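Just below is one structure, and these are the notes that go with it.
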Amino acid sequence: MTFKELGLNDQLLDGLAAMGFEKATPIQEEAIPVILKEKDLIACAQTGTGKTAAFLLPILHNLTNTTSASIDALILVPTRELAVQIDQNLEGFSYFANVSSLAIYGGRSGESFNQEKKALTTGANIVVATPGRLIAHLNLGYVKISELKYLILDEADRMLDMGFVNDLLKIIGYLPKKRQTLLFSATMPPKIRTFSKRILTAPEQITFAVSKPAEGIEQMVYLVQDENKAKLLQVLLGPKKGKGERILIFSSTKAAVSKIAKSLRSTGLSVGEIHSDFDQKIREETLRMYKGGRIEVLVATDILSRGIDVKDISLVVNYDVPSDGEDYIHRIGRTARADTDGIAITLVNRKDERKFQGVERLMERKIPKSPLPPIIQEREDKLASMPRRGGNSRHGGGNNRGGYNKNSKKPFNRNKGRNFERR
Ligand code: AMP
């Protein structure tokens, strides 16, 4: 179906044509008519389906050429990166439509807080915000939000996982009861259903098959102990130096992100790193450099696993198995976006094997285990034959470094509870 057939106005059609969007994606075909009918909506859809345009386009259609002394539409998102990305989408779609928008999120200077304050005081058609930053403004009393017409929650499951539920309810308390509310979520656990009952009225529901990675992703697994992971990455990625490929590596901990980046830099690859200890400006600049091709490899925590849309990522590596199967699907979903092909490699140590079986169950498919390159296999064999303290041979990560202690039969992880990334 074309966007013209969906009834969008000419200014938006011009913007979409300039962006090269020819046909609506399935979620756009289903969601846009529902939103134009002014119904509340719950949509269960992953990123990569075109969900952002599915909610932005009908709202932009309604707000084209309108001015407002208040905020017309509020889009709440879990991360700063997603706020910036949605704002960029907004700029593209509304290039020919006269609609004002603003992204507000933390981690920046006092100057940007003042700019946000000014815009929130004078009004803007659309505001994209992270909950914490918006509450900081709402607490100061000047935000003109009582005339709001549209509330959109994007990545609602992630916002609840991150503990934003009270912030969201507080924000919603400032909004008029009569409004159109749209909730987008990659998963629909019971807590989302309960939450949605509190904030939506007689919503229509759209569900797209979730928990299944895109068809175009080739998934591979290497069984390898922690001691050999960095070396394996060097072997796998070293030959890619200067090939113009875009590679994304995920790790659960901040400390590992820095270690991986350092190890890969030593092979001559250009490597950037992103986790929550970096200043927002640096995070944005690193992402820009990566998108612009000035960085070949980006190493990140799960802060980047959802929602972030970078084109042409050819390879995603999971340095460890994420604790939640949905996170795995989101991480590997960063490649093979919009019907292209991509490869996703996961490094699984002995202690993560069972966790990975859980991921396979969720996806309802087994991922073939790839043979290790000979130089790494040799190291694995050597490691396995090394005596442990107490005389046993090693079973995976020795030195108490996130391995499997044969004596206790209990997996242990030095980083547990200390250094895991909070988004
Ligand atoms: P999203 O699921 O919103 O993160 O979108 C995934 C990617 O698909 C983004 O790069 C969008 O720009 C792109 N996209 C969304 N809708 C369309 C469309 N109708 N035609 C072509 N590309 C699209």
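In listed order, ligands and their atoms are each counted from 1. Since we're looking at a predicted model, the values are computed, not measured.
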Test your reading of the structure: does T52 have an N or O sitting under 3.5 Å from an N or O of ligand 1?
yes

For T25, take its heavy atoms, then give the atoms of ligand 1 lying under 4.0 Å from any of them.
16 (N), 17 (C), 18 (C), 19 (N)

With a cut-off of 4.0 Å, which atoms of ligand 1 are near a heavy atom of K23?
18 (C), 19 (N), 20 (N)

Would you tell me which option among F21, F55, F184 has the nearest heavy-atom contact to atom 14 (N) of ligand 1?
F21

When you compare the side chains of Q234 and T267, does any donor N or O come within less than 3.5 Å of an acceptor on the partner?
no

For ligand 1, which is the ligand I care about here, please tell me if Q28 has any N or O atom under 3.5 Å from one of the ligand's N or O atoms.
yes

For residues 121-133, which residue pairs pass the salt bridge (Lys or Arg N to Asp or Glu O under 4.0 Å) check, not counting sequence neighbours?
E116-R133

Is ligand 1 under 4.0 Å from a heavy atom in the side chain of M19, in the backbone, in both, or in neither?
neither

Would a 4.5 Å heavy-atom cut-off, applied to side chains only, mark K170 and N139 as touching?
yes

What atoms in ligand 1 come closer than 4.0 Å to a heavy atom of F3?
19 (N)

Checking the N or O distance criterion of under 3.5 Å, is ligand 1 in contact with N89?
no

On the 0 to 90° scale, with breaks at 30° and 60°, tag the H137-F113 ring pair as parallel, tilted or perpendicular.
parallel

With a 4.5 Å cut-off on side-chain heavy atoms, are I145 and L74 touching?
yes

All pairs passing salt bridge (Lys or Arg N to Asp or Glu O under 4.0 Å) where residues 1-20 contributes a residue, at least two apart
none

